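Values in this document were obtained by computation on a predicted structure and should not be read as measured data.
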Amino acid sequence: MSPGESFVKTIIREVVHECIVRGGTFFRHWVDSKLFMEAAMTTYSPSFDTIKMQLYFDLSYTSKREFLKEINWMLESRLNQVSREITESRMKTKDHLDALYRKIITFILLGSGMGSPSDVSAVQEVTAALQSIFPSNELGPFMVLSKGEKEQQLSELTMTVTGIRLFNKSTKKEQEMEITELIPAILCEALLVTSKDIENELGVSQRLAWNYTALLEKCNISQLEEYDVSLIQLTQALYNVRQHELFLQILLADSHSCAKRIEILKKDICSQINLLNTSVQPKTAVPTSKVFPLFKALSKLWSELQDEAELLNIFHNIAFKLQFFRTTEDKIFSKDILNNLLEGIEVKTDKQRLNEQSSERIDPRHLKQYEWLHPEPTKNITDLPLQYNGFCCYTLVNKDGLILPGNPYIGVLKHKEKLFVFNSKEAACKFAQNPDYFIALVEEKAKSLPELMKLLKLHQTPPCVQAGKTLLGGQSESFTQTDLHPLVTNFVKPYEWNEWELRRSAIKLADLQTTITHSTQTHLSHMRRENATQTWLPKEVGCQSKRDGETGVPKPQIFLAGLRGCRDGRMEKINLTRSINE
């Protein structure tokens, strides 16, 4: 994701959050504002539907990795309550242990995705499989395990039981069982209808786009005004169905990718079941160390298959809701009026337009100042990241906002690290004469038609920054986005912080009941451990008091001479005080 897309999505999330904080859902506010605007306008504007469609897709669609994270998070949220009840249980009576065993069965059913706790046959299958590897009389040792060890054992039991159930279902019939028979009905439905439904919706949008394009090219404005349809409405309707077409193409590509992955997983599951058949059937007893990993591997493949099927279901739901934002002909004029307007006008498909112009090629020798890419030396030229989503910007500027898909086989112009395509050789030559001029006109056009920002992917290159130039003499504005509250994903489930739990684990590992001491115990080591206490030493109490200061004058000194050793008793007083001026 580019910084521009990330920035736009951040703004969208903040707007949605603010609307929710203020006491309502975002779409309610959006619809209210739309109704207000439509009430103020006398005619219908398809621009609102296009913007709502773009907003819905940005909030609903993300990468496959993020979708899988969300699917796993939803599964964990369903299992958390049952897992907590199992791992935190401390009761050891028979009735409580029986209830705990039933909770483990419920946990396995929810985690495997094969049936629900209300399905009696599914509960019986899980109970039989669980009894074979984890009888109810083993709940005693299970209860003394730590919470992390319990969670790990629950996960292993779920994988092993799921593998056993899949293997048992595949061996019920003599002929090979279809994998689709094991998949829940809702997932089977998604596998069958998702791609087909998206293709049907895509065909409807493409036909509308071809019809609207033909009208904009050939129809007179006076003819449109006869049916109360403006040229702006028809142009906005074209933008709407083109945007719907692009979104459906993304969903269809993802659906095909999921379908291919599902076919691969089906083959892997069949291979794993055949491997189990060869390992289990010929022998009466098989070591658990050999067969349990096979069951777990089968369960892992089954979990991946469910994830892919859930992804298909998500894509189908997004495509189904997108159709409500599409501007059909009945919103601006009836189908009969459309047929009347198209009478005598040739409606060309995108493929026909490409075939008509494919013979025209740009000769790089005539336009040496630019770099041109052609199909022959460039592999997968249609998969290149083309500017403006592959539409011809010259046609957009010179034909009142008409958008036509560019033909990369004419030649792809590389200008300032961006790739531009055109619907004709003439458009390519004229654009090459002054590319920056046409780029600026496209950005100016998008200011009055906000849906073009998303449709042409202009949000990836903000208009305020000119491509290929820097600001402030070699400096450029840049920013980084950091999550406000990042989620920690590297949890270590076996980690234990409780000191007493660690002591219990150490005592279990030591197994003192079966250990004999052969050495001499000292007084400190004989069933004792060193203890230490922490005390606070008394503080020394003291106080601060004022000290008398002295002046800097000389100290008076008087010497009395003649007091001793003089018979006449004459005494003299001598002043030895130093002068102040010294």
Side-chain angles (χ1 to χ4, degrees), residues 67-89 95-136 139 142 150-173 177-194 258 262 265-266 269 272-273 295-317 320:
F67 274 132
L68 290 177
K69 284 183 180 180
E70 184 178 352
I71 293 172
N72 294 331
W73 178 82
M74 292 178 64
L75 176 60
E76 291 178 0
S77 63
R78 292 199 304 265
L79 297 177
N80 279 341
Q81 181 63 31
V82 183
S83 175
R84 194 179 302 111
E85 293 176 358
I86 295 173
T87 56
E88 295 179 359
S89 177
D95 293 339
H96 286 96
L97 291 178
D98 292 340
L100 179 63
Y101 199 77
R102 290 193 294 270
K103 288 181 181 179
I104 294 177
I105 294 173
T106 301
F107 180 90
I108 295 174
L109 277 169
L110 294 175
S112 64
M114 297 176 61
S116 65
S118 59
D119 188 352
V120 179
S121 61
V123 172
Q124 292 175 351
E125 291 177 6
V126 173
T127 304
L130 185 61
Q131 285 285 355
S132 63
I133 61 173
F134 184 75
S136 57
L139 283 176
F142 176 81
K150 289 179 181 178
E151 291 176 348
Q152 183 178 0
Q153 186 163 351
L154 283 175
S155 177
E156 293 180 355
L157 288 174
T158 302
M159 295 178 66
T160 307
V161 170
T162 303
I164 292 174
R165 291 183 66 194
L166 290 170
F167 176 71
N168 291 338
K169 285 179 177 292
S170 65
T171 55
K172 279 184 179 180
K173 298 181 180 181
M177 187 178 185
E178 290 290 338
I179 299 301
T180 53
E181 297 182 22
L182 305 177
I183 303 175
I186 186 172
L187 301 184
C188 291
E189 184 179 356
L191 286 171
L192 295 175
V193 304
T194 298
C258 286
I262 287 174
L265 289 173
K266 285 182 180 179
I269 289 176
Q272 192 68 24
I273 291 176
F295 287 133
K296 292 179 181 178
L298 179 60
S299 175
K300 186 177 179 180
L301 293 173
W302 169 254
S303 178
E304 293 181 13
L305 181 65
Q306 284 186 311
D307 289 344
E308 295 294 333
E310 287 287 353
L311 278 175
L312 275 179
N313 197 19
I314 292 174
F315 297 147
H316 180 266
N317 291 335
F320 175 75

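- The shortest side-chain heavy-atom distance between E125 and N168 does not fall under the 4.5 Å cut-off.
- Note that the CG atom of L100 and the CG atom of D95 stand 12.5 Å from one another [nearest 0.5 Å].
- If you take CD on E308 and NZ on K266, they are separated by 12.0 Å, rounding to the nearest 0.5 Å.
- The CZ atom of F295 lies 5.0 Å from the CD1 atom of I164; values are rounded to the nearest 0.5 Å.
- Nearest heavy-atom pair across A122 and S116 is CB-O, 4.4 Å.
- For R165 (side chain) and M114 (main-chain N/O), a donor-acceptor pair under 3.5 Å exists by modelled atom type.
- Of the possible donor and acceptor atoms, none in the side chain of T160 sits under 3.5 Å from a partner among the backbone N and O of L157.
- In this structure, S303 contributes its side chain and S299 its backbone to no donor-acceptor pair below 3.5 Å.
- Around the NZ atom of K150, the shell of radius 6.0 Å holds more than 12 heavy atoms that belong to other residues, nucleotides or ligands.
- Closest approach of Q272 to A297, counting heavy atoms only: NE2-CB, 3.7 Å.
- Here the CD-CD1 distance, from Q153 to I86, works out to 11.0 Å after rounding to the nearest 0.5 Å.
- For the residue pair C258 and L311, the shortest heavy atom distance occurs at SG-CB, 3.8 Å.
- Checking each of L265, I262, L68 against E304 for a side-chain contact (heavy atoms from CB on, under 4.5 Å) leaves exactly one that passes, namely L265.
- Using a 4.5 Å heavy-atom cutoff, the side chains of V126 and T106 are not in contact.
- A heavy-atom distance below 4.5 Å is found between the side chains of N72 and D307.
- Looking at heavy atoms from C-beta onward, L110 lies out of side-chain contact with L75 at the 4.5 angstrom threshold.
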**Chi angles and distances behind the side-chain contact (heavy atoms from CB on, under 4.5 Å) call for L305, I269** = CA-CA 9 Å; L305 181 65; I269 289 176; 3.9 Å; yes

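- Taking the salt bridge (Lys or Arg N to Asp or Glu O under 4.0 Å) definition, one finds that D119 meets it with nothing, sequence neighbours left out.
- Not one N or O on the side chain of S83 forms a donor-acceptor pair closer than 3.5 Å with the backbone of L79.
- Listed by first and then second residue, the salt bridge (charged side-chain N to carboxylate O under 4.0 Å, His left out) pairs involving residues 99-109 are E85-K103 (not counting sequence neighbours).
- Note that CZ of F167 is 9.5 Å distant from CG of L298, once rounded to the nearest 0.5 Å.
- A donor-acceptor pair under 3.5 Å is formed between the side chain of W302 and the backbone N or O of S112.
- The shortest heavy-atom contact between T127 and V123 is OG1-O, 2.7 Å.
- In this pair, F134 and F142 present their aromatic rings perpendicular. The plane angle is above 60°, beyond the 30 to 60° band.
- Between the side chain of S132 and the backbone N or O of A129, at least one donor-acceptor pair lies under 3.5 Å.
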**Prompt:** Run the side-chain contact (heavy atoms from CB on, under 4.5 Å) check on S89 and H96 step by step: do they pass?
**Reply:** CA-CA 9 Å; S89 177; H96 286 96; 5.8 Å; no

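- The line from OH of Y101 to CG of L139 is 7.0 Å long, rounded to the nearest 0.5 Å.
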